[in-house]
S.K.: 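Pasting in a structure now, in structure tokens, and then I'll have a few things to ask.
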Amino acid sequence: MKFIQKSAFFLITFFLLFTSITFANNESNVESNKNVTTGETIKVFNTDLYLGGQDIVVSDAVNGNIFAFGSSITLKGEILGDVFILAKTLVIEESSTIHGNVFVFSNDTIIKGKVNYDVYCLGQNFELTDTGYINRDIRSLVANAKLYGTIKKDAFLFVDSILMSDTAENIIGGNLHYTSDQEFVFPEKAIMGNIRYTQYQRRTYTPGEIVINYAKQFISDISLVIVVILLAVFLAPKWIDHINYALMKRPFVSTGIGILATVLIPVFALFLLFTGFFTTLSIIILVLYGLVLAISLSLFSLAIAKWLASKWNVTSKGKLILFAIASSIVLWIARLLPVLGTYVSLFIAVVGLGMFLTSAFKKKNI
């Protein structure tokens, strides 16, 4: 579980640190009301909000849903709809009431206010403070869960640890279902319903199973590479020239485009998805994005093979195919190297995407 979490948070961190886009709201759907108690003027957004940036604070009332991603997100106002969050840190302040569901993918999630429906949380740390209140269920996959507030119904947790106060009472009004590699002891009055524990078992593979798994992965990956190579050699030979040009003649341009595309394409696709009007287009973009990343090893292999063929004056398609397959095998093995292999894989994926986009906009004559 920790490997999955670390990988996910690496992607989130990379995604968020390089993103500073803010989606504008429609001002015609904003009205102002005066708080009778404090006398303060409060904005009311009668529409869904789409927010993106480093630090986001929502202090106003929202008569709709919130879709937000950023480094730090703080909710202080009343939200009548659902909340969808992708962030490093989410804080729902004590002054905030969310009448719908909360869907959050965040490194740290802290709930101090009230959620009238369900909470779905994926992250590293989750905390429900003593003022925090969840009116229905919580479903969470986190490393550490701190529960000091109130969960009115059931809790479904996949965790490494669960912390409660020794004198805690009525923390979970329903049942607790949790999965972990160890069983915990809870205060007697903390959970009103039943406790169901499922042990999370870490499977240890034998050397023979490890070899077989690597062999299966090798056959799967190289088979895809061979298919792409054959299609490119026989159906799009000019495209191979463009791929080679992007890597050998424009390496820095391809790398820069790859880095930007790796971040901006998912952002753009998520924006289209959030609008609710371009769902199909968003899915198509994400599928194409994933497809290009999947064949990035093939792109590198073709570019290297074309460079070798040019250097040695080889014109045979058969030898070009062999060069490409040999290059892919070397690159595949390099991706298995401890520590370095992670960077090799990331480099191939990012630059491969940049090569693809660079070649797509390259003129026919090189």
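One-based numbering along the sequence shown. In what follows, every heavy atom counts, from backbone to side chain, and hydrogens, waters and symmetry copies are set aside.
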S.K.: Between N101 (side chain only) and D118 (backbone N and O only), is there a donor and an acceptor less than 3.5 Å apart?
M.R.: yes
S.K.: What verdict does the side chain to side chain contact (heavy atoms under 4.5 Å, CB included) test give for L163 and N144, after you've listed the backbone C-alpha separation in whole Å, the side-chain angles of each residue and the deciding distance to 0.1 Å?
M.R.: CA-CA 8 Å; L163 293 180; N144 306 299; over 6 Å; no
S.K.: According to a 4.5 Å side-chain heavy-atom criterion applied to Ile, Leu, Val, Met, Phe, Trp and Tyr, with indirect links allowed, do Y148 and V102 form part of one hydrophobic cluster?
M.R.: no
S.K.: If only atom types and distance count, is the side chain of S71 paired as donor or acceptor with the main-chain N or O of D55 below 3.5 Å?
M.R.: no
S.K.: Can you tell me how far CG of L346 sits from CD1 of I259, rounded to the nearest 0.5 angstrom?
M.R.: 9.0 Å
S.K.: If you draw a 6.0 Å radius around CZ in F184, do more than 12 non-hydrogen atoms from other residues or ligands fall strictly inside?
M.R.: yes
S.K.: Does the gap between the ring centers of Y289 and F268 come in under 6.0 Å?
M.R.: no
S.K.: Can you tell me if Y214 has over 12 outside heavy atoms packed within less than 6.0 Å of its OH?
M.R.: no
S.K.: Does the side chain of Y117 come within less than 4.5 Å of D82's, by heavy atoms?
M.R.: no
S.K.: Do D108 and N125 have side-chain N/O donor and acceptor atoms under 3.5 Å apart?
M.R.: yes
S.K.: When rounded to the nearest 0.5 angstrom, what distance separates CD1 in I304 from CG in L299?
M.R.: 11.0 Å
S.K.: Is there side-chain contact between F323 and K306, with heavy atoms separated by less than 4.5 Å?
M.R.: no
S.K.: For the residue pair R139 and Y120, would you count it as a cation-pi contact if the rule is NZ or CZ under 6.0 angstrom from the ring centre and within 45 degrees of the ring axis?
M.R.: no
S.K.: Tell me, with the steps shown, if S328 and I222 meet side chain to side chain contact (heavy atoms under 4.5 Å, CB included).
M.R.: CA-CA 7 Å; S328 67; I222 299 302; 3.9 Å; yes
S.K.: How far does CG of L337 sit from OG1 of T342, to the nearest 0.5 angstrom?
M.R.: 10.0 Å
S.K.: About how many Å separate OG of S165 and CD1 of I171, when rounded to the nearest 0.5 Å?
M.R.: 7.5 Å
S.K.: Is any side-chain heavy atom of F126 closer than 4.5 Å to one of I111?
M.R.: yes
S.K.: Would you say the side chain of M355 lies within less than 4.5 Å of the side chain of L302, judging by non-hydrogen atoms?
M.R.: no
S.K.: Determine, step by step, whether L90 and L75 satisfy the side chain to side chain contact (heavy atoms under 4.5 Å, CB included) criterion, reporting the C-alpha distance in whole Å, the side-chain angles of both residues, the deciding distance to 0.1 Å, and the verdict.
M.R.: CA-CA 8 Å; L90 168 66; L75 304 180; 4.3 Å; yes
S.K.: Apply side chain to side chain contact (heavy atoms under 4.5 Å, CB included) to L308 and V314, showing your working.
M.R.: CA-CA 8 Å; L308 292 174; V314 174; over 6 Å; no
S.K.: Would you give the length of the straight line joining atom CD of E78 to atom CG of N63, rounded to the nearest 0.5 angstrom?
M.R.: 9.5 Å
S.K.: With a 4.5 Å cut-off on side-chain heavy atoms, are L247 and W307 touching?
M.R.: no
S.K.: Tell me the closest heavy-atom pair linking N244 and A303, and the distance in Å.
M.R.: OD1-O, 3.1 Å
S.K.: Considering all heavy atoms of both residues, which atom of V62 and which atom of T47 are nearest to each other, and what is their separation?
M.R.: CG1-O, 3.7 Å
S.K.: For the atom pair CG (N175) and CD1 (I172), what is the distance rounded to the nearest 0.5 Å?
M.R.: 9.0 Å
S.K.: Going by the salt bridge (charged side-chain N to carboxylate O under 4.0 Å, His left out) test, name the single residue among K114, K112, K76 that passes it with E93.
M.R.: K112
S.K.: State whether the number of non-hydrogen atoms from other residues, nucleotides or ligands found under 6.0 Å of F356 atom CZ is greater than 12.
M.R.: no
